[in-house]
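Take a look at the structure below.
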Amino acid sequence: MARQIKIGDIGNYAEGQFNNLIRAAVLTADARLKLQSPVDTGRFRASWAIGENAAPFEGQPEGQYASTPPPNAVNYAFGNERVGNVYSIHNNLIYAEPLAIKGSRKSGVPGGWVDSIAKDVQTYVNAEADRIGRQS
């Protein structure tokens, strides 16, 4: 049976569905970046951060970090993602960009791994947006 939505509620319903999609995409991308990050001291992995309309997090100070982040290790208060905001997942450490582009021979991570995750998440978002459209 099809869902019944009052005409006046269609906009709010659609916006809610897309806010949920944005939330899932942001958290999925964040988790994948952290899990696939090469680890030496763990600083790089611990320095991923989500920004809403900004990228202010400078990264973790030098030191030793856990080799695997806890599942809720997010440098961001999630749950209020909204259509119209710009979300970035960034790592402001000085060696983040070369590591993303060239990879790491030491840990066996190939170059372009960040771009690969971004493409996978974009495919996920497109598929979910189509699904939402068909179910609405």
Side-chain angles (χ1 to χ4, degrees):
M1 176 179 215
R3 176 174 293 187
Q4 293 184 357
I5 303 170
K6 294 179 182 177
I7 294 285
D9 294 338
I10 290 174
N12 289 337
Y13 173 78
E15 183 176 343
Q17 291 296 306
F18 283 104
N19 287 342
N20 289 338
L21 175 57
I22 290 168
R23 183 174 305 113
V26 168
L27 295 178
T28 296
D30 181 63
R32 289 199 52 200
L33 285 166
K34 288 176 180 174
L35 290 174
Q36 293 182 25
S37 290
V39 176
D40 183 12
T41 65
R43 180 182 182 207
F44 178 73
R45 179 176 279 174
S47 292
W48 285 107
I50 301 170
E52 181 179 78
N53 300 320
F57 184 68
E58 294 298 321
Q60 298 292 348
E62 289 188 31
Q64 294 291 321
Y65 294 84
S67 61
T68 57
N72 60 351
V74 177
N75 298 318
Y76 169 75
F78 59 92
N80 293 314
E81 293 77 15
R82 298 282 181 258
V83 171
N85 289 329
V86 176
Y87 297 92
S88 64
I89 302 173
H90 53 277
N91 192 320
N92 286 334
L93 294 180
I94 195 165
Y95 55 88
E97 187 173 359
L99 189 56
I101 294 170
K102 296 178 183 175
S104 170
R105 278 187 250 149
K106 181 178 177 181
S107 62
V109 174
W113 62 278
V114 172
D115 288 338
S116 176
I117 291 170
K119 288 176 186 173
D120 289 349
V121 171
Q122 183 61 54
T123 299
Y124 164 77
V125 167
N126 291 340
E128 287 298 297
D130 287 346
R131 183 188 61 75
I132 289 168
R134 284 191 309 276
Q135 289 182 347
S136 298

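Keep in mind it's a predicted model, so treat the numbers as computed, not measured. Note that these values count all heavy atoms, side chains included, but never hydrogens, waters or copies made by symmetry.
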Would a distance-only check, ignoring hydrogens and angles, find a side-chain to backbone donor-acceptor pair under 3.5 Å from Trp113 to Leu99?
yes
Do Asp30 side-chain atoms and Ala49 backbone N/O form a donor-acceptor pair below 3.5 Å?
no
What is the distance from atom NE2 of His90 to atom CD1 of Ile50, rounded to the nearest 0.5 Å?
9.0 Å
Separation of Arg82 CZ from Glu52 CD (nearest 0.5 Å)
9.0 Å
Applying side chain to side chain contact (heavy atoms under 4.5 Å, CB included) to Tyr87 and Arg23, what does each step give before you reach the verdict?
CA-CA 10 Å; Tyr87 297 92; Arg23 183 174 305 113; over 6 Å; no
What's the separation between atom CD in Glu128 and atom CZ in Phe18, rounded to the nearest 0.5 Å?
10.5 Å
Intermediate values then yes/no, side chain to side chain contact (heavy atoms under 4.5 Å, CB included), Asn19 and Glu81:
CA-CA 6 Å; Asn19 287 342; Glu81 293 77 15; 5.8 Å; no
Between Trp48 and Val114, what is the shortest heavy-atom contact and its length?
CH2-CG2, 4.3 Å
When rounded to the nearest 0.5 angstrom, what is the spacing between CD1 in Ile22 and CD in Glu15?
9.0 Å
For Ile89 and Val26, the nearest pair of non-hydrogen atoms, with its separation, is CD1-O, 3.5 Å
Are Val86 and Val125 connected in the hydrophobic side-chain network, where two residues link if heavy atoms are under 4.5 Å apart?
no
Say whether, by atom type as modelled, one donor and one acceptor occur between the side chain of Ser116 and the main chain of Gly112 under 3.5 angstrom.
no
Using the rule given for side chain to side chain contact (heavy atoms under 4.5 Å, CB included), can you reason through Phe44 versus Asn91, listing the C-alpha separation, both sets of side-chain angles and the distance that settles it, and then say yes or no?
CA-CA 8 Å; Phe44 178 73; Asn91 192 320; 3.3 Å; yes
Given side chains that start at C-beta, do those of Val109 and Gln36 come closer than 4.5 Å, heavy atoms only?
no
Looking at Ile117, is its backbone amide N or carbonyl O close enough to the side chain of Arg32 to form a donor-acceptor pair, meaning the two atoms are under 3.5 Å apart?
no
Rounding to 0.5 Å, atoms CD (Gln17) and CZ (Arg131) come to a distance of 7.5 Å
